[in-house]
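Just so you know, these numbers use all the heavy atoms, side chains as well, and skip hydrogens, waters and symmetry mates.
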Amino acid sequence: RPDSGPTTTTREASLSHDFGGFEPCEQAPAILAKLALRYGIEGQDLAGHRFWQRPGQRSIWVASSPALPPVGVEVQGFGMLAMRKGPPAGCMTNSFLRRFGHLAIRSVYTLSSAELGLVLRGQPIAVEPQATGDGPCILRTELGVVGRGRIRGAILVGELPRGVRSATAG
């Protein structure tokens with residue numbers, strides 16, 4: 001289970017205001033529960049990582065546990081953006097899923113080349129609904145994780161960033 005920050009070292013506690021405003025994310029247990037329920041990614045799979053957030057902001061970041069935000073430097077982000085909005089409504093970002101999605105055992109769709117082409121062009125595809133129901137899913141090919149999709153009934157729609165779609169569609 002990643003270090004969610006409930007226990008901070010004396011150094012962290014005394015300097016937390018200097019970490020560009022970042023603090024260990026109090027929602028880490030809810031994020032881990034969401035990952036386990038939706039994707040089957042367990043906390044121990046993310047051992048060595050910690051979630052960070054600026055108080056009053058919705059974005060949640062993930063970084064290697066030994067890493068700390070820079071002291072006395074205002075930074076826009078720290079590590080990798082994990083969620084644009086925290087739980088329960090927020091989804092894991094495409095970047096997070098491309099990095100950790102290989103660990104998933106649920107809500108995963110393996111796309112054929114033809115299906116990948118449709119998704120990259122922004123077209124929906126018909127799929128077999130999964131036990132996890134409607135909501136976000138991980139899209140992968142035989143080469144690895146592509147990013148996030150969304151299931152609505154028996155329809156899968158890709159939620160890939162425009163840059164990924166345009167870079168790979170042609």
Side-chain angles (χ1 to χ4, degrees), residues 1-5 21-65 75-111 115-116 118-141 143-169:
R1 174 184 139 128
D3 183 358
S4 60
F22 280 91
E23 295 179 357
C25 181
E26 293 179 6
Q27 296 181 34
I31 295 168
L32 294 173
K34 183 178 189 112
L35 287 168
L37 181 65
R38 186 76 198 170
Y39 301 112
I41 299 174
E42 298 295 334
Q44 66 266 17
D45 295 333
L46 296 175
H49 294 84
R50 174 183 266 180
F51 292 98
W52 294 87
Q53 186 174 28
R54 279 197 180 128
Q57 293 197 355
R58 299 175 354 163
S59 297
I60 297 172
W61 302 78
V62 65
S64 174
S65 285
V75 293
Q76 293 299 312
F78 177 65
M80 177 193 316
L81 183 62
M83 301 180 84
R84 295 189 195 297
K85 179 170 57 170
C91 294
M92 306 314 294
T93 63
N94 275 282
S95 296
F96 182 91
L97 293 177
R98 280 192 301 275
R99 168 62 182 87
F100 295 105
H102 69 282
L103 301 168
I105 58 172
R106 288 193 289 276
S107 298
V108 177
Y109 279 88
T110 301
L111 303 171
E115 291 169 327
L116 177 60
L118 291 171
V119 168
L120 291 173
R121 288 190 294 277
Q123 298 175 356
I125 58 174
V127 295
E128 292 284 326
Q130 290 198 353
T132 51
D134 288 359
C137 64
I138 294 173
L139 303 178
R140 75 170 117 196
T141 68
L143 299 176
V145 174
V146 178
R148 189 182 65 231
R150 181 160 305 272
I151 302 295
R152 289 185 185 98
I155 301 295
L156 181 145
V157 178
E159 293 184 338
L160 303 174
R162 205 174 338 198
V164 170
R165 292 191 318 261
S166 63
T168 56

Check: [X] side chain, [Y] main-chain N or O, donor-acceptor pair, under 3.5 Å:
X      : Y      : answer
Asn94  : Gly147 : no
Lys34  : Met92  : no
Tyr39  : Leu103 : no
Arg152 : Val157 : no

Looking at residues at least two apart in the chain, or sitting in another chain, which of them share a side-chain contact (heavy atoms from CB on, under 4.5 Å) with [X]?
X      : answer
Thr141 : Leu116, Leu143, Val146
Thr93  : Leu81, Arg84, Ser95, Phe96
Arg58  : Lys85
Gln57  : Arg54

Let me see the working for Val127 and Ile151 under side chain to side chain contact (heavy atoms under 4.5 Å, CB included), right down to the final yes or no. CA-CA 9 Å; Val127 295; Ile151 302 295; 3.9 Å; yes
How far does [atom1] of [X] sit from [atom2] of [Y], to the nearest 0.5 angstrom?
X      : Y      : atom1 : atom2 : answer
Leu156 : Leu139 : CG    : CG    : 5.5 Å
Arg98  : Leu160 : CZ    : CG    : 7.5 Å
Ser65  : Phe51  : OG    : CZ    : 10.0 Å
Leu32  : Ile41  : CG    : CD1   : 10.5 Å
Asp45  : Phe100 : CG    : CZ    : 10.0 Å
Ile60  : Met80  : CD1   : CE    : 14.5 Å

Closest approach of His102 and Val145, non-hydrogen atoms and distance? N-CG2, 3.7 Å
Do the rings of Phe22 and Trp61 sit parallel, tilted or perpendicular, given the 30° and 60° boundaries? perpendicular
Taken in chain and number order and not counting sequence neighbours, the residues that satisfy side chain to side chain donor-acceptor pair (under 3.5 Å) with Arg150 are Glu159
Kindly write out the residues that satisfy side chain to side chain donor-acceptor pair (under 3.5 Å) with Ser107, not counting sequence neighbours, or none if the list is empty. Arg38, Thr132
Is there side-chain contact between Arg148 and Cys91, with heavy atoms separated by less than 4.5 Å? yes
